[in-house]
S.K.: 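Can you read through this structure? Questions will come right after.
Computed from a predicted model, the values in this text were never measured in an experiment. Computed from heavy atoms alone, side chains included, the values below leave out hydrogens, waters and symmetry copies.
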Amino acid sequence: FQQAERCLEMINPYLENNAGLVASLVEYEKSWEVAARYLGEASSLSTLRLTVSRLQVLRLSEPAFDAMCEDCDAELFMVLPRLMWLFFVQNPA
């Protein structure tokens with residue numbers, strides 16, 4: 001989309017003639033379909049918001065966790081599932 005934004009006058013009015021734009025739109029649609037599964041229900045959205053809120057608080061209080069998040073460290077992806085379990089055990093409802 002960023003490439004298209006910079007050169008709107010060069011986009012062909014026929015979508016089929018813009019292979020890159022079509023590919024981006026297809027990926028965008030797939031992302032929305034995945035998101036709809038998780039964000040469509042109020043309870044799922046509420047749980048996601050609570051989890052993100054807890055992770056943000058954790059980032060502020062734990063510099064090591066904040067550094068893992070900033071660096072997208074591989075260890076972060078081993079820690080996140082454990083954190084989810086701890087959050088659930090703390091408040092299973």
Side-chain angles (χ1 to χ4, degrees):
F1 293 121
Q2 291 174 351
Q3 285 178 323
E5 184 178 319
R6 289 190 300 260
C7 56
L8 285 174
E9 66 278 351
M10 297 186 69
I11 295 176
N12 193 304
Y14 297 100
L15 190 57
E16 63 205 27
N17 295 331
N18 300 291
L21 180 57
V22 169
S24 293
L25 289 170
V26 167
E27 289 302 314
Y28 188 72
E29 181 181 23
K30 287 179 186 177
S31 296
W32 269 107
E33 289 170 355
V34 170
R37 278 187 273 167
Y38 296 102
L39 305 177
E41 285 187 38
S43 64
S44 296
L45 183 56
S46 176
T47 301
L48 181 61
R49 285 181 178 161
L50 179 61
T51 301
V52 168
S53 173
R54 288 176 172 176
L55 290 171
Q56 289 171 333
V57 168
L58 188 59
R59 283 188 74 176
L60 293 173
S61 64
E62 293 295 330
F65 180 68
D66 185 49
M68 277 192 275
C69 292
E70 283 297 318
D71 299 338
C72 289
D73 191 5
E75 189 178 0
L76 171 67
F77 300 99
M78 293 175 15
V79 170
L80 278 176
R82 295 174 188 161
L83 289 173
M84 299 304 150
W85 274 111
L86 291 173
F87 293 158
F88 174 74
V89 170
Q90 185 181 18
N91 185 12

S.K.: Rounded to the nearest 0.5 Å, how far does CG of L83 lie from CG of L76?
M.R.: 8.5 Å
S.K.: Applying side chain to side chain contact (heavy atoms under 4.5 Å, CB included), can you list everything that pairs with V26, at least two apart in sequence or on another chain?
M.R.: V22, K30
S.K.: Taking salt bridge (charged side-chain N to carboxylate O under 4.0 Å, His left out) as the cut-off, I'd like each qualifying pair that reaches into residues 72-89, sequence neighbours left out, listed once.
M.R.: none
S.K.: With sequence neighbours left out, what residues match L48 under side chain to side chain contact (heavy atoms under 4.5 Å, CB included)?
M.R.: L39, V52
S.K.: With sequence neighbours excluded, what pairs up with W85 under the side-chain hydrogen bond (donor to acceptor under 3.5 Å, both in side chains) test?
M.R.: none
S.K.: Please report the interatomic distance OG1(T51) to CZ(F88), rounded to the nearest 0.5 Å.
M.R.: 11.0 Å
S.K.: Applying side-chain contact (heavy atoms from CB on, under 4.5 Å) between F65 and each of P63, S61, C69, report the one that passes.
M.R.: C69
S.K.: Which residues pass the salt bridge (Lys or Arg N to Asp or Glu O under 4.0 Å) test with E16, sequence neighbours left out?
M.R.: none
S.K.: If you define the side chain from C-beta out and look only at heavy atoms, does anything of L55 sit under 4.5 Å from L80?
M.R.: yes
S.K.: If two hydrophobic side chains count as joined below 4.5 Å and joins carry through other members, does L58 share a cluster with F77?
M.R.: yes
S.K.: With D66, which residues qualify under side-chain hydrogen bond (donor to acceptor under 3.5 Å, both in side chains), at least two apart?
M.R.: R59
S.K.: Would the distance check show the side chain of S31 and the main-chain N or O of E27 forming a donor-acceptor pair, the cut-off being under 3.5 Å?
M.R.: yes
S.K.: Answer yes or no: is there a donor N or O on one side and an acceptor on the other, between the side chain of S46 and the main chain of A42, under 3.5 Å?
M.R.: no
